[in-house]
J.: 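Before I ask anything, let me first share the structure, which is written out below as structure tokens.
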Amino acid sequence: MSSALLDEAARIAREFDYPADQVNHGVTEYIKQSNEGLAQENTTLSQIPTFVTAVPNGTEKGLYLAVDLGGTNFRDLFTFLARQIEAFLRIHHNEHFEAHLRRRRDDGNHVVDLFDLGFTFSFPVRQCGINSGTLIRWTKGFNIPDAVGHDVCALLQSAIDDLHLPVRVAALVNDTVGTLMARSYTSPGETGTLLGAIFGTGTNGAYVEKLDKVTKLQHMKDAHYDTSSGEMIINAEWGSFDNHMSVLPTTVYDDELDADSNNPGVQMFEKRVSGMFLGEILRRALLAMHNNPALGLFKPSKTSKVSLPSDSLFYRQWGLDTSLLSQVESDTTKNMVDVKAALKDHLKIEHPSETECQAVKILVHAIGKRAARLAAVPLAAILIHTGKLETDEIVDVGVDGSLVEFYPSFEAYMREALREVPQVGVAGDKKVRIGISKDGSGVGAALIALVASKDETLRNPSKK
Ligand code: BGC
């Protein structure tokens with residue numbers, strides 16, 4: 001039984017192989033889809049212009065507010081956020097707040113002396129300016145249909161105004177854009193950062209693009225932005241790369257996960273790469289082995305005293321948290337102490353045999369490694385597309401998210417795949433400097449609020 005179990009685990013693991021030729025196909029296709037996204041709307045890769053036209057260099061100073069959206073019910077969402085802002089102001093800037101209220105009472109003037117706020121909203125939003133944009137779709141399991149098509153900045157501003165807060169929503173910020181800005185603010189040396197990427201619950205990237213390549217901007221009549229840098233940050237929304245599945249690898253577990261999700265057929269790249277989904281892919285693969293009578297994974301037998309209670313999260317969709325993968329992958333003990341602890345803590349599985357633990361390890365490794373190798377695809381594509389490896393000595397990349405931070409060897413596997421792309425190779429890989437930009441989205445949001453507050457054309461488009 002035991003060797004059959006390991007054989008089957010190895011067979012399933014091979015289905016997650018993502019070899020060099022597929023990586024290269026992926027890169028070619030990514031470049032194609034990204035060019036389409038720069039030219040027109042409604043493409044798989046949204047390539048959203050963010051209207052942020054410069055990255056900071058570390059000298060910027062000021063007092064700005066930042067709000068990062070967690071999640072709650074839509075009807076109350078923006079009121080909830082406004083109340084949180086009010087509570088924050090009362091604790092940290094009460095004098096300013098009171099003065100504002102006094103002025104408002106005395107002369108009705110509530111326009112002056114506003115705090116500029118950067119609003120981090122980490123979902124695909126079609127931006128029409130630095131502080132306005134309509135929600136295209138929810139991702140990462142969110143599903144509040146009412147919100148789609150609405151301007152999320154206007155909704156937050158109106159909730160703020162209802163509470164008479166001295167706050168102006170100055171910038172709408174995707175977390176990847178925030179990560180890019182924050183990394184550029186703090187990264188060592190002269191070079192600005194090229195790319196900000198998130199490998200966490202979801203995945204996405206934002207990069208610095210030449211303005212003349214963003215040809216769809218020409219069709220945006222009311223778009224106002226500063227053209228002096230000749231560049232603009234583009235939010236790729238790469239979670240939706242190759243939704244039509246022309247090059248992405250797949251297994252029966254991926255297909256079933258997608259079919260049972262609340263957004264089948266979209267975020268297909270994200271569903272193979274990011275933390276929200278890797279646990280569920282693993283759960284489905286393990287469940288198939290559990291339900292196979294010839295294998296009997298996690299079923300007691302003469303040789304195994306394993307116990308798996310019927311209320312275990314093992315039986316529940318989305319029940320397996322991706323942190324289990326990180327715990328399992330980092331176990332280097334001979335008796336697989338950490339694998340056992342993870343199975344117990346996450347799934348109430350007790351006394352698994354060593355063979356069962358081994359099978360779990362094999363699958364975890366395969367799923368995590370495929371994710372990391374897939375992550376190299378947009379990275380290589382953006383390096384090639386921007387030509388940065390040819391022009392720059394160092395190409396700086398800021399990353400954030402639980403996978404890249406905690407999954408052992410995520411970056412190493414990603415780099416391995418990067419080197420397998422001939423236009424990058426060993427030499428190119430050496431030029432790429434990847435650094436964690438911890439909680440960059442908050443700092444980045446404040447930085448973008450700063451840029452926005454300084455730009456008169458954005459505060460008052462008629463002046464342009
Ligand atoms: C969203 C992106 C976001 C990413 C990382 C994706 O699901 O569509 O906007 O940047 O998650 O949080």
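Throughout, numbering of the chain's residues begins at 1 and tracks the sequence. Side chains included, hydrogens not; waters and symmetry mates left out as well; all remaining heavy atoms used.
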J.: Below 4.5 Å, heavy atoms only, C-beta onward: do Glu209 and Met232 meet side chain to side chain?
T.: no
J.: Less than 4.5 Å apart, any side-chain heavy atom of His244 and any of Thr44?
T.: yes
J.: Could you label the plane-to-plane angle of the Phe119 and Phe78 rings as parallel, tilted or perpendicular, counting under 30° as parallel and over 60° as perpendicular?
T.: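 Ring orientation of Phe119 relative to Phe78: perpendicular.
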J.: Go through the steps for Asp242 and Arg272 under the test salt bridge (charged side-chain N to carboxylate O under 4.0 Å, His left out), then give the verdict.
T.: CA-CA 12 Å; Asp242 202 34; Arg272 284 153 179 77; over 6 Å; no
J.: When you check the side-chain N and O atoms of Arg168 and Ser453, is any donor under 3.5 Å from an acceptor?
T.: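 Their side chains do not contain a donor-acceptor pair, so the 3.5 Å distance test is not met.
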J.: Can the ring centroids of His365 and Phe16 be said to lie less than 6.0 angstrom from one another?
T.: no
J.: Check this for me: Arg126, atom CZ, are more than 12 non-hydrogen atoms of other residues, nucleotides or ligands nearer than 6.0 Å?
T.: yes
J.: Please step through side-chain contact (heavy atoms from CB on, under 4.5 Å) for the pair Asp258 and Asp254, ending with a clear verdict.
T.: CA-CA 6 Å; Asp258 178 51; Asp254 296 299; over 6 Å; no
J.: Students often mix this up, so state it plainly: with edges at 30° and 60°, are the rings of Tyr407 and Phe410 parallel, tilted or perpendicular?
T.: perpendicular
J.: Can Lys340 and Asp345 be counted as an ion pair, charged N to O under 4.0 angstrom?
T.: no
J.: With a 4.0 Å cut-off on N to O distance, would you call Glu280 and Lys271 a salt bridge?
T.: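 The answer is no: the pair does not qualify as a salt bridge.
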J.: Is there a side chain to side chain donor-acceptor pair (under 3.5 Å) between His290 and Tyr315 once you walk through the steps?
T.: CA-CA 11 Å; His290 174 69; Tyr315 296 113; 3.1 Å; yes
J.: Please name all residues satisfying ring-ring contact (aromatic ring centres under 6.0 Å, His included) with Tyr185, sequence neighbours left out, ordered by chain then number.
T.: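 With sequence neighbours excluded, Tyr185 shows a ring-ring contact (aromatic ring centres under 6.0 Å, His included) to no residue whatsoever.
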J.: Ring pair (Phe, Tyr, Trp, His ring centres under 6.0 Å), that's the test. Do His224 and Phe51 meet it? Break it down for me.
T.: CA-CA 8 Å; His224 297 278; Phe51 298 90; 9.1 Å; no
J.: Mind checking ring-ring contact (aromatic ring centres under 6.0 Å, His included) for Phe115 and listing every partner two or more places apart, or none if nothing turns up?
T.: His93, His96
J.: Could you check whether any side-chain heavy atom of Ile434 comes within less than 4.5 Å of a side-chain heavy atom of Val432, counting everything from C-beta outward?
T.: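 Yes, side chains in contact.
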J.: Does the side chain of Thr50 come within less than 4.5 Å of Asn174's, by heavy atoms?
T.: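 A side-chain contact is absent here, since even the closest heavy-atom pair is not under 4.5 Å.
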J.: Please tell me if the side chains of Gln22 and Val247 come closer than 4.5 Å, counting only heavy atoms from C-beta onward.
T.: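 No; the side chains remain at least 4.5 Å from each other.
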J.: Does Glu8 have any side chain to side chain donor-acceptor pair (under 3.5 Å) partners at least two apart in sequence or in another chain, and if so, which?
T.: Arg11
J.: Tyr18 ring centre to Lys369 NZ or CZ under 6.0 Å, with the angle to the axis within 45°?
T.: no
J.: Do Pro249 and Arg370 make a side-chain contact, defined as non-hydrogen atoms from C-beta onward lying under 4.5 Å apart?
T.: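 Touching, per the 4.5 Å side-chain cut-off.
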